[in-house]
Amino acid sequence: MTILEKVSALLGEGAILEAGTDRVPRIAPGSPDAVALLLGTAHQEGWRVRIEGAGTWLQSDAPADLALTTRRLDRVPAIEPSDLTATAEAGIGLDQLRQQLADRGAWLAIDPPGLAGRTLGSVVATATAGPLRHAFGPIKDHLLGVTFVTGDGRMVQSGGRVMKNVAGYDLTRLQAGGFGAFGVIVLVHLRLRTLPRADITYVLEGAREDLTQIGEDIAAAGLTPAALELVSPALARRERWVLAVRLAGSPALVAADEAGLGAASGGGRFTPLRAEEAHAFWMRLAEGFSVRPVTFRIGGVPTASDELLDLLQHQLGDEWISASPAAGAIRWTGDTNIDRLQRLRRTLAGLEVPLTLERAPWPLRGAVGHFGAYREGVGPLVASLRRTFDPGGALVVATEGS
Amino acid sequence: MSPHLASDLAAIVGSHHLREARAERVTYAMDGLPTHRRVPALVVLPGTREELIAVVRLLAAHGVPFVPRGAGTGLSGGALADEAAVLLVLTRLNRILRIDGDNRLAVVEPGVVNAKLGAAARPAGLQYAPDPSSQSACTIGGNVAENAGGPHCLKYGVTANHILALEVLLADGSLVEIGSPGGESWGPDLVGVFVGSEGNFGIATRITVRLTPLPRAVRTLLADFNGLRIAGEAVSAIIAAGIVPAALEMMDQSCICAVEDSVYAAGYPRDAAAVLLVEIDGRNGDAVVAETEVVTELLRKSGARSVRSAASEVERERLWQGRKKAFGAMGRLSRDLVVQDAVVPRSALPQVLETISTIAKHYGLVVSNVFHAGDGNLHPNISFDATDPVLKKKVEAASAEIMQACIAAGGTITGEHGVGIDKLRYMPLIFDAESLGAMHAVRRVFDPEERVNPGKVVPVHACREWISANPGAAPRGQPRAVA
């Protein structure tokens with residue numbers, strides 16, 4: 001029997017989708033149990049499986065015997081506005097999830113890079129936070145628990161549906177940003193907020209160093225923006241760098257911050273964006289990171305942001321950059337090669353700054369790896385965790401590169 | 001255990017910092033929970049990181065299990081060692097190595113006391129936000145092990161949200177550096193996995209924590225209610241309004257009276273069925289004032305008999321002292337106190353509180369509630385005399401029923417105190433054998449010989465591998481009976 005015949009017998013013909021350009025069979029299990037069945041079989045048969053969501057973020061090009069897509073896992077079993085929690089399957093598109101939450105007055109305070117239909121599972125597995133990380137933290141801070149299927153088909157729950165939970169080890173945080181190396185996320189329990197009653201974005205163009213200073217002044221003035229993002233001209237499609245300030249929350253909080261913004265901007269004139277303009281601005285920013293072939297993030301201390309931006313400019317060119325200086329987080333997208341990326345990662349490691357490769361064509365990410373330049377003792381732990389959760393090596397993930 | 005072990009340990013730390021006599025070791029037989037008692041084989045108090053490393057390497061060479069311990073304020077029996085294990089007390093590793101105000105971080109040794117870190121950060125306009133009630137004694141290392149919470153975690157997050165990087169000493173004596181000062185991981189989020197692992201993965205020898213700006217404006221409200229249910233509904237109303245208070249704490253009448261009878265009397269109305277302590281803080285004074293007005297109105301609309309705002313910092317501290325010292329005040333009620341810990345969805349609070357009251361009446365026990373209502377994190381506290389075996393059995397049975405009620409409401413068995421020994425038996429109620437097996441496997445990644453803090457967190461008998469090897473055990477996914 002061929003792989004497709006076996007999968008068809010296992011999950012039914014409805015689970016088999018049209019293959020992509022590389023002709024790797026694409027399988028869409030319709031339930032978490034079906035994912036477990038598929039991966040258990042893959043483990044036994046020695047099939048190599050690449051994980052896909054909607055196919056809009058990470059390139060669908062890893063060499064594999066089959067592609068497992070979570071796109072049919074798109075149910076939202078629970079939204080609890082009074083508890084501010086929700087449970088969603090991993091394959092739901094963020095745009096759909098957002099809409100369902102908004103209908104109930106709830107908000108998932110993340111704005112990851114990528115297209116609007118990117119799946120929740122993809123965002124969690126890659127831990128790709130966007131500008132809202134400034135106020136609401138990294139992706140892991142929005143997770144109450146996950147259910148995942150290991151590379152050999154075991155279904156594992158971690159965490160729960162409540163706001164605080166220290167029962168057992170936190171395997172949720174292993175999955176958040178694990179790039180699928182430790183299993184396929186099938187179900188996610190989320191921490192929500194109420195939909196902000198006031199939400200306004202201001203932008204200011206200028207020289208990067210001036211805007212950086214204004215950003216620091218805003219923080220020093222005690223303002224509490226939801227996002228404070230520095231965007232390169234190419235990415236913002238403007239003449240100069242842009243500082244975007246998003247104020248979101250209760251009307252009282254937003255009104256107070258708006259009043260303080262002018263005073264903190266050192267004479268610079270912030271322009272308020274109309275609601276549709278603001279939506280378009282943030283969406284363009286997010287989508288920009290899925291257009292160019294390579295995207296990575298680095299995380300340093302806030303005072304190093306300027307130096308790190310200079311370093312990126314020097315080693316890779318300005319290209320498309322977005323940074324939350326106060327959070328020390330910078331994302332770059334553009335075109336580069338293996339040598340330059342590896343050299344940059346080594347340089348950054350010397351500055352105690354990790355580089356996480358978020359997306360790149362397989363030849364590059366296979367060589368460079370999502371992770372690398374581990375600190376003392378980390379490599380053996382990661383390798384052992386990989387063996388624990390994927391003992392047969394069924395999951396094709398460019399963990400550390402070759 | 002080798003007869004030379006004690007002398008070899010003394011050679012590393014000095015004989016003054018080794019406890020061999022039973023009378024000395026007995027003082028470490030309990031933590032903050034009075035229902036478990038274990039006397040360690042030896043107690044070692046290393047004074048430096050280098051001494052600690054040498055001690056762990058010596059224990060590794062001898063294959064001896066060990067238990068790291070901070071101030072011993074834990075509430076799950078998590079820092080107890082038995083006669084086969086050595087207790088490593090880390091309270092002498094109490095140096096704050098660096099405070100970097102510009103980058104809002106600090107690097108500390110594990111024995112630094114939580115409140116002392118807060119005090120050290122204050123001159124830079126910063127705070128270490130997690131504030132467990134034991135913060136005047138508990139250590140940051142212990143906080144990391146337990147993923148400690150506290151009243152202000154509602155807004156600021158728990159310990160896991162404040163740890164950037166760790167240097168970890170594994171059981172085999174090797175060192176691992178995980179996380180980075182900026183918070184980004186070198187690979188998978190091993191810091192996130194380590195925090196809350198209850199000492200099962202190793203010892204955090206250097207801890208880089210995130211500091212947050214001190215609020216510039218704070219308003220503290222005390223609202224009192226005629227019923228627990230309406231107080232619970234007031235909590236839901238505040239959360240639903242989209243305001244995230246810095247803290248949202250509830251105390252029931254039993255707790256109110258215990259506090260008011262003690263030296264920590266805060267002026268809580270004794271005739272109230274419940275009080276809510278609500279704190280609104282922020283960096284912008286106007287916004288704090290406006291949000292406080294909204295919350296005050298919500299409390300009134302929800303049925304508060306009165307809403308009082310602390311008029312001064314002294315009054316605010318007094319209101320908080322009553323809350324933070326409530327556990328101590330409850331010492332007046334009886335000889336012993338079991339501080340329980342469970343979490344339920346916030347909307348389930350009113351119903352679960354009524355169920356707890358029914359359980360208490362059924363067993364004829366005094367249960368006082370003081371808890372983090374905004375998080376749904378309950379602390380039903382049972383006052384009793386642990387020397388009475390009948391009473392002790394009743395307390396255990398009532399605790400188990402309370403846990404089951406919380407689980408039935410969609411909750412979990414611990415929100416901040418950890419599993420330790422105390423809640424091992426409840427773990428199969430919320431995790432199936434496969435999930436417990438996965439946790440056990442992760443523990444073995446960090447500590448293949450399972451020598452650090454053995455017998456805690458994961459009930460090995462309920463893991464898939466153990467059940468497969470022992471056909472008479474509980475079937476997969478089926479909870480084992482709870483005492």
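Chain A is the first sequence line, chain B the second, and so forth, proteins listed ahead of strands; every chain is numbered from 1.
- Interface remark: Pro181(B) contributes backbone and side-chain atoms alike to the contact with chain A (heavy atom separation under 4.5 Å).
- More than 12 heavy atoms of other shown residues, nucleotides or ligands fall within 6.0 angstrom of atom CZ in Arg375(A).
- Rounded to the nearest 0.5 angstrom, Gln157(A) CD and Ile430(B) CD1 are separated by 8.5 Å.
- With a 4.5 Å cut-off on non-hydrogen atoms, Thr303(A) touches chain B through its backbone and its side chain both.
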- Could you walk me through whether Leu190(B) and Leu381(A) pass the side-chain contact (heavy atoms from CB on, under 4.5 Å) test, one step at a time? CA-CA 9 Å; Leu190(B) 297 183; Leu381(A) 288 178; 4.3 Å; yes
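- Counting only heavy atoms from C-beta outward, the side chains of Ile298(A) and Glu184(B) never approach each other to under 4.5 Å.
- Both the backbone and the side chain of Leu385(A) come within less than 4.5 Å of a heavy atom in chain B.
- In this structure, chain B has a heavy atom under 4.5 Å from the backbone of Ala220(A), while its side chain stays farther away.
- The line from CH2 of Trp186(B) to CZ of Arg345(A) is 9.5 Å long, rounded to the nearest 0.5 Å.
- For the atom pair CG (Asp189(B)) and CD1 (Ile139(A)), the distance works out to 12.5 Å, reported to the nearest 0.5 Å.
- The pair Asp83(A)-Arg346(B) does not meet the salt-bridge criterion, since no charged nitrogen lies less than 4.0 angstrom from a carboxylate oxygen.
- For a residue to count as touching a neighbouring chain, one of its non-hydrogen atoms must lie under 4.5 Å from one of that chain's; by this rule Val378(A) touches chain B with backbone and side chain alike.
- Interface residue Ala221(A): only backbone heavy atoms are found under 4.5 Å from chain B.
- Looking at Arg387(A), neither its backbone nor its side chain comes within 4.5 Å of chain B, counting heavy atoms on both sides.
- With a 4.5 Å cut-off on non-hydrogen atoms, Asn103(B) touches chain A through its backbone and its side chain both.
- Annotation: the span from Tyr169(A) atom OH to Phe431(B) atom CZ amounts to 11.5 Å, rounded to 0.5 Å.
- Side-chain atoms of Asp170(A) and Val193(B), non-hydrogen and from C-beta on, never get closer than 4.5 Å to each other.
- For a residue to count as touching a neighbouring chain, one of its non-hydrogen atoms must lie under 4.5 Å from one of that chain's; by this rule Val457(B) touches chain A with the side chain only.
- Counting only heavy atoms from C-beta outward, the side chains of Lys164(A) and His372(B) approach each other to under 4.5 Å.
- Using a 4.5 Å cut-off on side-chain heavy atoms (C-beta onward), Asp102(B) and Pro302(A) make no contact.
- For Asn161(B) (side chain) and Asp141(A) (main-chain N/O), no donor-acceptor pair under 3.5 Å exists by modelled atom type.
- Residue contact with chain B, scored on non-hydrogen atoms closer than 4.5 Å, is absent for Arg386(A).
- Here CD1 of Ile178(B) is found 13.0 Å from OH of Tyr374(A). Values are rounded to the nearest 0.5 Å.
- Heavy atoms closer than 4.5 Å to chain B are found in the backbone of Ala327(A), but not in its side chain.
- At a 4.5 Å heavy-atom cutoff, the contact between Ala160(B) and chain A is made by backbone and side-chain atoms alike.
- Val301(A) places a side-chain heavy atom less than 4.5 Å from the side chain of Leu105(B).
- Using a 4.5 Å cut-off between heavy atoms, Phe179(A) does not touch chain B at all.
- Looking at heavy atoms from C-beta onward, Met439(B) lies in side-chain contact with Leu171(A) at the 4.5 angstrom threshold.
- Minimum heavy-atom separation, Asp286(B) to Ala256(A): CB-CB, 4.4 Å.
- Neither the backbone nor the side chain of Ser174(B) comes within contact range of chain A, judged by heavy atoms closer than 4.5 Å.
- Interface remark: Val344(B) contributes backbone atoms only to the contact with chain A (heavy atom separation under 4.5 Å).
- No hydrogens or angles considered: a donor-acceptor pair under 3.5 Å links the side chains of Glu291(B) and Ser250(A).
- In this structure, Ser180(B) and Val353(A) have side chains that are not in contact, with every pair of non-hydrogen atoms separated by 4.5 Å or more.
- Interatomic distance, Thr412(B) OG1 to Arg161(A) CZ, rounded to the nearest 0.5 Å: 10.5 Å.
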